[in-house]
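Right, one structure below, let's go through it.
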Amino acid sequence: MESWVKEFSGMMQTLVEGIEQFVAEVTKDVEEAIDAWVENSGFWMEEVETFIPLELEQRITEVLDPILEAYLGFEVSVEETVQPMVNTVEPLLNDHPVCMGCRHYHGQSYNGTMLVCGMHPYGWEGDKCPDWESFWQEPPTA
C-alpha cells in the first residue's frame with residue numbers, strides 16, 4: 001500500500017509542477033502583452049486624440065451650420081421687420097422728432113458726437129426734412 005501512496009504522491013507532485021509551469025508561462029505571456037499594450041497605447045492615444053476631434057468637429061459643423069444659417073436668417077428678417085419701430089422710437093428719445101420713421105436715421109453716438117443721419121449728420125432743424133423717406137414700405141397700388 002505504501003507504493004500506491006508514493007505513486008499517488010508522485011503524480012500529484014508532477015501535476016502541481018505542471019500547473020506551476022503553466023501559470024508561469026501564462027503570467028509571462030500576459031506580462032508581455034501588457035507591456036506591448038502600454039508601449040503602443042501612447043501611440044494609439046495620440047492617433048485617437050488627433051482623429052476624433054477632427055471627425056467630431058466635422059460632424060458638429062455638418063449638423064449645426066444649417067441650424068445657425070436658419071437662425072441668423074431669421075434674426076436678420078426679425079431685425080428688418082422691427083427696424084421701423086426702433087427708428088421711430090429712437091428719434092423721440094434723442095430729441096430728433098423730424099427724423100421719426102426716416103430710413104436715413106442712424107442715431108448713434110461716436111466719441112460723444114451724435115450722428116443723426118447720413119444726409120444731415122447733426123439733424124434737420126426745420127419742421128420737415130427734404131430728404132425724409134419712410135422706413136415703412138408703400139402699399140402696392142392697384
Side-chain angles (χ1 to χ4, degrees), residues 1-125 128-142:
M1 183 138 155
E2 207 174 276
S3 69
W4 178 82
V5 172
K6 279 187 177 182
E7 202 175 294
F8 181 74
S9 176
M11 283 185 356
M12 291 306 280
Q13 184 66 29
T14 305
L15 179 66
V16 167
E17 289 173 0
I19 290 174
E20 285 177 349
Q21 184 179 358
F22 174 75
V23 168
E25 290 174 4
V26 168
T27 302
K28 180 182 172 194
D29 290 344
V30 168
E31 286 175 351
E32 289 174 359
I34 289 174
D35 289 342
W37 183 79
V38 167
E39 288 176 16
N40 291 326
S41 66
F43 169 76
W44 289 110
M45 287 306 294
E46 288 175 9
E47 289 295 314
V48 167
E49 287 173 355
T50 57
F51 178 73
I52 295 292
L54 292 175
E55 184 71 22
L56 185 61
E57 182 179 348
Q58 289 173 349
R59 298 289 183 201
I60 289 173
T61 302
E62 289 174 4
V63 171
L64 290 183
D65 275 352
I67 295 170
L68 288 174
E69 287 176 12
Y71 173 74
L72 292 175
F74 177 73
E75 183 180 353
V76 167
S77 65
V78 167
E79 188 174 307
E80 288 173 357
T81 304
V82 173
Q83 191 67 27
M85 290 180 256
V86 171
N87 277 349
T88 303
V89 173
E90 282 185 11
L92 289 175
L93 297 176
N94 293 324
D95 294 326
H96 299 286
V98 176
C99 301
M100 276 196 312
C102 180
R103 75 173 51 242
H104 302 294
Y105 181 76
H106 185 67
Q108 299 293 320
S109 178
Y110 298 96
N111 294 328
T113 303
M114 173 73 120
L115 175 61
V116 177
C117 79
M119 305 293 177
H120 307 282
Y122 301 105
W124 185 256
E125 295 298 325
K128 182 157 174 61
C129 177
D131 296 308
W132 190 92
E133 293 179 22
S134 175
F135 219 112
W136 303 95
Q137 292 181 348
E138 297 291 327
T141 55

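Being a predicted model, the structure only gives us computed values, none of them experimental.
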Checklist entry - Is there a donor-acceptor pair under 3.5 Å between the side chain of W4 and the backbone N or O of F8? => result no
Checklist entry - If only atom types and distance count, is the side chain of T27 paired as donor or acceptor with the main-chain N or O of V23 below 3.5 Å? => result yes
Item to check | Nearest-0.5 Å distance that lies between atom CE in M119 and atom CZ in R103 | outcome: 10.5 Å
Checklist entry - Quick one: CE on M12 to CD1 on I19, what's the gap to the nearest 0.5 Å? => result 8.0 Å
Might you point out which heavy atoms bring [X] and [Y] nearest each other, and give the distance in Å?
X    : Y    : value
C99  : V116 : SG-CG1, 3.7 Å
H120 : D131 : NE2-OD2, 2.8 Å
V98  : C129 : CG1-N, 3.6 Å
M114 : Y105 : CE-OH, 4.3 Å

Next on the checklist: Looking at E62, I'd like to know if its CD atom is crowded, meaning that more than 12 non-hydrogen atoms belonging to other residues, nucleotides or ligands lie closer than 6.0 Å.
Outcome noted: yes
Item to check | Heavy-atom side-chain proximity of M11 to L15 below 4.5 angstrom | outcome: no
